[in-house]
Student: 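One structure is given below, represented as structure tokens, and several questions about it will come after.
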Protein chains: 2
Amino acid sequence: MGRWKPDARGRLTLGALELFAERGYEQTTAAEIAERAGVTERTFFRHFPDKREVLFMGAKHLQDRVVAAITAAPASMPPIDVVGVAMESAAELLEEDRDYARQRWAVIAATPSLRERELLKMASLSAACAEALRARGVAELPAGLAAETGVTIFKLSFERWVSDEPSGTFTECIRDALAQLKGMTAGA
Amino acid sequence: MGRWKPDARGRLTLGALELFAERGYEQTTAAEIAERAGVTERTFFRHFPDKREVLFMGAKHLQDRVVAAITAAPASMPPIDVVGVAMESAAELLEEDRDYARQRWAVIAATPSLRERELLKMASLSAACAEALRARGVAELPAGLAAETGVTIFKLSFERWVSDEPSGTFTECIRDALAQLKGMTAGA
DNA sequence: ACACCTATGTCAGTGACCGACATCACTAGA
DNA sequence: TCTAGTGATGTCGGTCACTGACATAGGTGT
């Protein structure tokens, strides 16, 4: 065995979520997270650019998956439905561990500073979606519109899915929301 | 004349934008902003809960206006169009000073940390819209959908409006975007 | 054996932000 | 007119997020 216990990053990620859930994000210092993981504060900041990011390292993975789904969708499919299926593909990822998603969400929802970061990640996801749509030949404005709309549906469906009243699977929530939206914008 | 020069808050707000535009947000310390306004750093933080907020004090005003517009809209109007006219009303406010809006936007767009805050304000706007729609009797999910969609249209239209290629008035951009969206979601 | 690489520790610093207390022009009431 | 507030500010000391520079030592390849 090496000089240090392996997977310091994993221990930091796990320990951080535990501590945040126990006493809250603001009541937890980076030094305490590091201590629980058996490293120093400086090492924490070498693994994560800032304290919030310890909860968001999975975001890139999700985004890559969504972009891949957009790229892989049939060329004939209209942009709105492309983002729809892409969001369903993202939903599959989170559905693998609903309890984890819920606990993480509870922490984020309770902390404005973390909600900000979450929104930034969603904005990044939206920008990536728009880019992927443009690569399929969709024009600027419709690409932005469809991307933002897709992310909106993802966000609202996620909240319904992790809420207390059961609303079916994440995927069902997404299909529901998209159908509702189409209904709303159909008139006039 | 009183013990101190009046309108310290105004001087702080103005000075902050100037300094951010000159040397960038992160290269400007709160103490420097305070100094330019002729007060101490502590006073800066008594007027603004944090350094970012000095650029966002107008957000509440905008939100109130949007909510009022939603409340005042004819009862027969469908939710999507209600948020449409509400966003147009918000646009009027910003159209009063396009140069100011552009400069502020340039600073925000260049600074991730400020973009986060902007996103939080937009999320708050969206939540307020959803609430106002529910007060009109719109159900939970459609209210959230319409609110988020309205804010999306606002954001994208704002970016087109302040961009270099002229795209008409802010209001025109909004009408354009809403029409496009309706077209996109109409199919199937 | 040697040199290099890599993850970590150590240390000193900056800047955002907060609590507690002092100050003093201004103001309402005795 | 005196007097007890009140409110916006200054002062001081502290915590914590985050950073740069340098030291250390196991692992790896030659």
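What you see is a predicted model; the values in this text were computed from it and never measured. Throughout, protein chains are lettered first and strands after them, A, B, ... in sequence-line order, and every chain is numbered starting at 1.
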Student: Tell me whether the side-chain N or O atoms of B/Arg3 pair up with the base of D/dG10 as donor and acceptor below 3.5 Å, since no angle test is needed here.
Tutor: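 No pair found.
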Student: To the side chain of A/Phe45, which of C/dT8, D/dT19, C/dA16 is closest?
Tutor: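 In terms of side-chain proximity for A/Phe45, the closest of C/dT8, D/dT19, C/dA16 is D/dT19.
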Student: Atom CD of A/Glu41 and atom P of C/dG9: how far apart are they, to the nearest Å?
Tutor: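 Those two atoms, CD and P, are 12 Å apart.
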Student: Nearest-Å distance, CZ (A/Phe48) to C1' (C/dA7)?
Tutor: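 My rounded result for the distance is 14 Å.
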Student: Under 4.0 Å between a side-chain N/O of B/Thr29 and OP1 or OP2 of C/dT14, yes or no?
Tutor: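 Indeed not, no polar side-chain atom of B/Thr29 lies that close.
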Student: Roughly how many Å is it from CD in A/Glu32 to P in D/dC16, rounded to a whole number?
Tutor: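 One finds 8 Å between P of D/dC16 and CD of A/Glu32, rounded.
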Student: Would A/Lys121 and A/Glu53 pass as an ion pair if we require N to O under 4.0 Å?
Tutor: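 Result for this pair is yes, salt bridge flagged.
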Student: I want to confirm an ordering. Mapping B/Val39 and A/Arg42 to their closest nucleotides on DNA chain D, which one lands closer to the 5' end?
Tutor: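 Its nucleotide being nearer the 5' end, the pick is B/Val39.
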Student: Under 4.0 Å from OP1 or OP2 of D/dA8: is there any side-chain N or O of B/Thr43 that close?
Tutor: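 No, B/Thr43 has no side-chain N/O under 4.0 Å of OP1/OP2 on D/dA8.
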Student: Atom CG of A/Leu12 and atom P of C/dA7: how far apart are they, to the nearest Å?
Tutor: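 My rounded result for the distance is 14 Å.
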Student: Distance check needed: D/dG7 P versus B/His47 NE2, whole Å only.
Tutor: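 After rounding, the reported distance stands at 14 Å.
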Student: Contact class for A/Ser113 (heavy atom, under 4.0 Å): base, sugar-phosphate, or nothing?
Tutor: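 Result for A/Ser113 = nothing.
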Student: Let me know the distance between CD of B/Gln27 and P of C/dA16, rounded to the nearest Å.
Tutor: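 It works out to 11 Å between those atoms.
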Student: Please determine if A/Asp97 and A/Arg104 form a salt bridge, counting it only when a charged side-chain N lies under 4.0 Å from a carboxylate O.
Tutor: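 Here A/Asp97 does not pair with A/Arg104 in a salt bridge, since their nearest N and O are not under 4.0 Å apart.
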Student: Whole Å only: how far is the CZ atom of A/Arg11 from the P atom of C/dA7?
Tutor: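 So the two atoms are 14 Å apart, to the nearest Å.
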Student: How do B/Arg52 and B/Arg46 order along DNA chain C: which one's closest nucleotide is nearer the 5' end?
Tutor: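 Its nearest nucleotide being more 5', the pick is B/Arg52.
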Student: Return yes if some donor-acceptor pair links the side-chain N/O of B/Arg65 with the main-chain N/O of B/Ala90 below 3.5 Å, else return no.
Tutor: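 Answer holds: no.
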Student: For the pair made of CD1 in B/Ile33 and P in C/dA16, what is the distance, rounded to whole Å?
Tutor: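 That distance rounds to 8 Å.
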Student: Other residues, nucleotides and ligands only: do more than 12 of their heavy atoms fall within 6.0 Å of CD on B/Gln180?
Tutor: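 Atom CD in B/Gln180 is crowded, with more than 12 foreign heavy atoms closer than 6.0 Å.
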Student: When the ring planes of B/Phe158 and B/Phe154 are compared, do they come out parallel, tilted or perpendicular, using 30° and 60° as the limits?
Tutor: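 B/Phe158 and B/Phe154: parallel rings.
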